[in-house]
There are 2 protein chains.
Amino acid sequence: MGHMHDVQEPEQMLRSASLRVTKPRVAVINAVHSHPHADTDTVLAAVRETDPEISHQAVYDVLKVLTKSGLVRRIQPKDSVARYESRVGDNHHHVVCRSCGAIADVDCATGSAPCLEASNDNGFQIEEAEVIYWGTCLECQETAKAS
Amino acid sequence: MGHMHDVQEPEQMLRSASLRVTKPRVAVINAVHSHPHADTDTVLAAVRETDPEISHQAVYDVLKVLTKSGLVRRIQPKDSVARYESRVGDNHHHVVCRSCGAIADVDCATGSAPCLEASNDNGFQIEEAEVIYWGTCLECQETAKAS
DNA sequence: TGGCCAATCTTGACTCATTCAAGAAAAGGA
DNA sequence: TCCTTTTCTTGAATGAGTCAAGATTGGCCA
């Protein structure tokens, strides 16, 4: 049975963030890990495969708490509902397909925030550069070529 | 009275985009030009200073049409409602204040899309890099310092 | 181990930006 | 000027996300 990563890891993540270990939280962490860039509905559905009784509100609350404590990261490309991912703390970026909305990770070229210098900062103190690449995913390119 | 830029320019912009010239459209173009990065409500309020009878729906429709034809650009930083700006076609980016939501323009260092190379593109055909810098505006820095 | 208290969960209603729908009005070409 | 198509108005609907209040539960400490 190995090290039971499925069960123990989320628990430890919660504890190390000083959060209580509850069934909904563990289920949400597992769902986000196994469904990269999933929206809230997808997370909710995945969570209910484990425990059909968990409420929609609990999932929203848990996602908010996990986001605040940095255990998951919330991403919101325009024209999309909020999505969540488990890769945190490595300052990576995203590519979004204009056609189907698919999202993939892109490593940050420089490795650490803010990762880009602004050409003119208007007096702002800049902490982070968020980069979203827009384009067409492989699948949509092939669909387009076929027609 | 100069060249009456207030009135003629929007008209010509509309005509050159093959769009009909209507009072709401001219008013919305003027509002977006004079209120950089305004949200829909602000645009609506500005429009109603010119013509108090224009409906909220007309403004939404007009903004959508203008956006589609490239006369205005829609921006949507996360946790913010949609905002509009009149600077289009120059591939510039934005700085957003985490504290008060203020938005300012940042010129693109390279000048043309996609402006950044992705380190690994996952097979995506990349057309554009959208960059949002997150930080603290001058005013909020000073407020923070004062307390 | 038991009990307390704060944190968390459930249920259900609500908000608010944005969109939809159907009929009325107006722009622009013939 | 007339006709067709596009656009505008009015009013209702949608849907992601939030709020609120009471019930429940986890964790800490004796």
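All chains are named by letter (A, B, ...) in the order of the sequence lines, taking the proteins before the strands, and each is independently numbered beginning at 1.
Regarding B:Asp61, its CG atom lies at a distance of 15 Å from the C1' atom of C:dA25, rounded to whole Å. Rounded to whole angstrom, the span from the CG atom of B:Leu66 across to the P atom of D:dT7 amounts to 11 Å. The interatomic distance linking A:Lys64 (NZ) with C:dT8 (P) rounds to 13 Å, in whole Å. To the nearest angstrom, P of C:dT8 lies 4 Å from CZ of A:Arg25. The nearest whole Å value for the distance from the CG atom in A:Leu44 to the P atom in C:dC9 is 14 Å. In this structure, the CG atom of A:Asp41 is 11 Å from the P atom of D:dG15, given to the nearest Å. At whole-Å resolution of the value, CG in B:Leu14 and C1' in D:dT6 are 14 Å apart. Look at CZ on A:Arg15: it is 17 Å from P on C:dA7, rounded to the nearest Å.
Distances were taken from every side-chain heavy atom of A:Thr22 (C-beta onward) to each of D:dT9, D:dG26, C:dG28; the shortest belongs to D:dG26. For B:Leu19, the listed nucleotide lying nearest its side chain is D:dT7; candidates were D:dT18, C:dC9, D:dT7. Distances from the side chain of A:Arg20 to the nucleotides D:dC8, C:dT19, C:dA7 place C:dA7 closest. Across C:dG28, D:dG11, D:dC8, the shortest atom-to-atom separation from the side chain of B:Gln57 is found for D:dG11. Here the side chain of A:Ala82 is nearest to one of D:dT9, D:dG17, C:dG12, namely D:dG17.
Within the nucleic acid shown, A:Ser55 comes within 4.0 Å of at least one base atom, counting heavy atoms only. Note on A:Arg74: only backbone sugar-phosphate atoms sit closer than 4.0 angstrom, heavy atoms only; bases stay farther off. Within the nucleic acid shown, A:Val65 has no heavy atom closer than 4.0 Å to any nucleic acid atom.
Contact check for A:Val96 versus A:Tyr133: no side-chain heavy atoms found under the 4.5 Å cut-off. Residues B:Arg83 and B:Thr42 have side chains not in contact (no heavy-atom distance under 4.5 Å, counting atoms from C-beta outward). Within the 4.5 Å cutoff, no side-chain heavy atoms of B:Val43 are placed close to those of B:His35.
Here the shortest heavy-atom pairing between B:Ile132 and B:Pro77 reads CD1-CA, 4.3 Å.
Each of B:Val59, B:Leu66, B:Val65 was checked for a side-chain contact (heavy atoms from CB on, under 4.5 Å) with B:Val62, and the lone residue meeting it is B:Leu66.
Residue-to-nucleotide contacts include no donor-acceptor pair under 3.5 Å from the side chain of B:Glu53 to the base of D:dT9.
Between B:His56 and A:Tyr60, it is B:His56 whose nearest contact on DNA chain D lies nearer the 5' terminus.
Here A:Thr40 does not reach the OP1 or OP2 of D:dA16: none of its side-chain N or O atoms lies under 4.0 Å away.
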